[in-house]
Visitor: 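I have a structure here, written as structure tokens, and I will follow up with some questions on it.
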Amino acid sequence: MTISSEKKMPEEVAAWRDPEMDSVKGTETPKDPNKGYIALLGWSVNAIKAAQKFDRRYIVVAPEWAADFCTANNIPFIAWDFVRLNDRSMEIAEKLKAEGVDVAIPLFEETVEWSGAINSVLLDSPRMYGQSILFRDKALMKRRAQLGGIRVGIFEEAHEKEDVVRFMKRVNQTLLKLDGDPDDPIHVKAFDKAGCLGHRMIRTMEEIEHIPDEEYPLLMESHLDGWEFAVEAWIHDGKIQFLNISEYVTLGYSVFVPATKELESWRNAITKQIELLIKTFDIKFGLIHPEYFVTADGEMYFGEVAYRPPGFKAFELIERAYGFNAYQASMLVFDPKSTKEEVADFFPQEVVDAKGYAGCFGVYPRRRVVSKLEMPKECVEHPYFESHELVAPAEETVPDRSAFGTHWGLIFFFGDDPIKMRDLLKAQEDLDFYV
């Protein structure tokens, strides 16, 4: 799909043109026909920009609303509705196969199942679709982990409110709680949503009443008192090629990479857990994003695993810290035509090759009514501050947060001291950005 002149495009399409994009400037990296042809499932401008600077052919598979942007910026594109798998689901796999595509890469949670279905056709590997279901259904995921000998907390599915009540009572009975003791909290999560979406911590029986009926069925888990962290691991030929440990400061608010020495001291144990995860889920290639807890007694518990880029711009943080493009890294390990030597040469050495520590903070308004965005001096005048994505409020009344909620935008920091970074990110929680 090549656009030679803006005059050939309707004005409303041409308005989407980005003059800084390589495909517009004519500076796109030449594509090697001997390397893989990749389909990007979903929408990420940063992934597209990375593909344009990489030597693999690519095509974007995204909803129809992306068509004008792709046309305006010379981006190869196929429109597809990812709402649900249905009788036409095979059509996109056949289209991509006819196009000569070698592999499909999921860019967000809702396309993981699609990538499994498509790659089972492109790679002639029927098991890949079933594997993708394990990455999407948190209950099946936990059962598979248990079967592999991976330590998980207590969990069950809930189809109605009474199931949550019974589970909470059973968990606290197991913990030998007496009448009058405060209940131990439980967590409820959506079966197949990303990150904190649909995630609630339930501390009292009364809070169960606040769960909307439309959120059922859901997954219930016991609470683990521990240090929660995330991992990004790129896998090729069944082996870890690069393993990043992302340190959460406050879940749902802040993260930075690489981790502090204290968390990095667990790297060998974490690596063994990731190798067990790869074996248990039979992962041959790709990018995985698991989350774990380390408890006070040194036990490591599996939380969940995703087969797509993490949230909170973790890929961008990794690139800021290490210098390599994490989207290109994923294209490399997904590509069945990549060689072991090419993959080995691409990645730096964990921790020691990092240029510094990159972190970000997700802003939630702390006031019920706001009128403007006002960046606090404590934030923007700090030497680690780099940029932010916050915009002025569209309306004055701040909507009630459902469960953990969705942040209003990210603030990015970079510095040379992980303890300063951790303290800085924690301090942002006490600041007002919307007043």
Visitor: Ignoring hydrogens and angles, state whether a donor on the side chain of Ser23 or Glu28 is under 3.5 Å from an acceptor on the partner side chain.
Guide: no
Visitor: Given the rule in the ring-ring contact (aromatic ring centres under 6.0 Å, His included) test, do Phe361 and His407 qualify, once you have shown the distances and angles that lead to the verdict?
Guide: CA-CA 9 Å; Phe361 177 80; His407 62 75; 9.3 Å; no
Visitor: What residue among Lys142, Arg143, Lys138 forms salt bridge (charged side-chain N to carboxylate O under 4.0 Å, His left out) with Glu157?
Guide: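 Considering Lys142, Arg143, Lys138, a salt bridge (charged side-chain N to carboxylate O under 4.0 Å, His left out) with Glu157 is found only for Arg143.
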Visitor: Do Phe293 and Trp227 make the cut of ring centroids closer than 6.0 angstrom?
Guide: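 Ring centres of Trp227 and Phe293 not closer than 6.0 Å.
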Visitor: Holding to ring-ring contact (aromatic ring centres under 6.0 Å, His included), I want the full list of residues that pass it with Tyr58, two or more places apart in sequence or in another chain.
Guide: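 By the ring-ring contact (aromatic ring centres under 6.0 Å, His included) rule, Tyr58 matches no residue at all.
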Visitor: Report yes or no: is the cationic atom of Arg151 (NZ for Lys, CZ for Arg) closer than 6.0 Å to the six-membered ring centre of Tyr301, at no more than 45° off its axis?
Guide: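 That pair qualifies as a cation-pi contact.
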Visitor: Would you say the rings of Phe413 and Tyr384 are close, in the sense that their centroids are separated by under 6.0 Å?
Guide: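 No.
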Visitor: For the residue pair Ser246 and Glu232, confirm or rule out a side-chain donor-acceptor distance under 3.5 Å.
Guide: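 Distance-only check passes for Ser246 and Glu232.
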Visitor: Please confirm whether the ring centroid of Phe347 lies under 6.0 Å from the ring centroid of Phe324.
Guide: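 Centroid separation for Phe347 and Phe324: below 6.0 Å.
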Visitor: Are a donor atom and an acceptor atom from the side chains of Tyr37 and Glu99 found within less than 3.5 Å of each other?
Guide: yes
Visitor: For Phe315 and Trp234, I'd like to know if the aromatic rings sit close, meaning centre-to-centre distance below 6.0 Å.
Guide: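 When the ring centroids of Phe315 and Trp234 are compared, they turn out to be within the sub-6.0 Å range.
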Visitor: Compute the centroid of each ring, for Tyr322 and then for Phe242, and state whether the two points are separated by less than 6.0 Å.
Guide: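 Ring centres of Phe242 and Tyr322 closer than 6.0 Å.
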Visitor: Hydrogens and angles aside, do His236 and Gln241 bring a side-chain donor and acceptor to less than 3.5 Å of each other?
Guide: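 There is no such pair (donor and acceptor under 3.5 Å, judged by atom type) between the side chains of His236 and Gln241.
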Visitor: Is Ile38 close to Val101 at the side-chain level, that is, under 4.5 Å between some pair of heavy atoms?
Guide: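 When only atoms from C-beta onward are counted, Ile38 and Val101 do not touch, as no gap falls below 4.5 Å.
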Visitor: Taking NZ, NE, NH1 and NH2 as the nitrogens, is one of them in Asp55 or Lys31 under 4.0 Å from a carboxylate oxygen of the other?
Guide: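 Lys31 and Asp55: not salt-bridged.
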Visitor: When you check the side-chain N and O atoms of Arg56 and Ser338, is any donor under 3.5 Å from an acceptor?
Guide: yes
Visitor: Starting from the C-alpha separation in whole Å, work towards a yes-or-no answer on ring-ring contact (aromatic ring centres under 6.0 Å, His included) for Phe334 and Tyr307.
Guide: CA-CA 11 Å; Phe334 266 92; Tyr307 195 64; 5.6 Å; yes
Visitor: Show your reasoning for whether salt bridge (charged side-chain N to carboxylate O under 4.0 Å, His left out) applies to Lys189 and Glu304.
Guide: CA-CA 11 Å; Lys189 296 179 177 179; Glu304 57 188 61; 3.2 Å; yes
Visitor: Going by atom types alone, do Glu316 and Asn46 pair a side-chain donor with an acceptor below 3.5 Å?
Guide: yes
Visitor: Are Arg267 and Glu264 within salt-bridge range, i.e. N to O under 4.0 Å?
Guide: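 Glu264 and Arg267: salt-bridged.
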Visitor: Is Lys53 paired with Asp22 through a side-chain N to carboxylate O contact shorter than 4.0 Å?
Guide: yes
Visitor: Is the distance between the ring centroids of Phe256 and Tyr248 under 6.0 Å?
Guide: no
Visitor: Classify the side-chain pair Glu247/Thr260 by whether it contains a donor and acceptor separated by less than 3.5 Å.
Guide: yes
Visitor: For salt bridge (charged side-chain N to carboxylate O under 4.0 Å, His left out), just list the numbers for Arg200 and Glu215, CA-CA rounded to whole Å, side-chain angles, deciding distance to a tenth of an Å, and then say yes or no.
Guide: CA-CA 11 Å; Arg200 299 169 183 268; Glu215 291 195 10; 3.0 Å; yes
Visitor: Check Glu342 with Lys35, please: is the shortest side-chain N to carboxylate O separation under 4.0 Å?
Guide: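 Yes.
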Visitor: Assess the side chains of Thr250 and Lys426: does a donor N or O sit below 3.5 Å from an acceptor N or O?
Guide: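 Present: a donor and an acceptor within the cut-off.
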Visitor: Taking the six-membered ring for Trp, are Phe69 and Trp16 parallel (under 30°), tilted (30 to 60°) or perpendicular (over 60°)?
Guide: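 Phe69 and Trp16: perpendicular rings.
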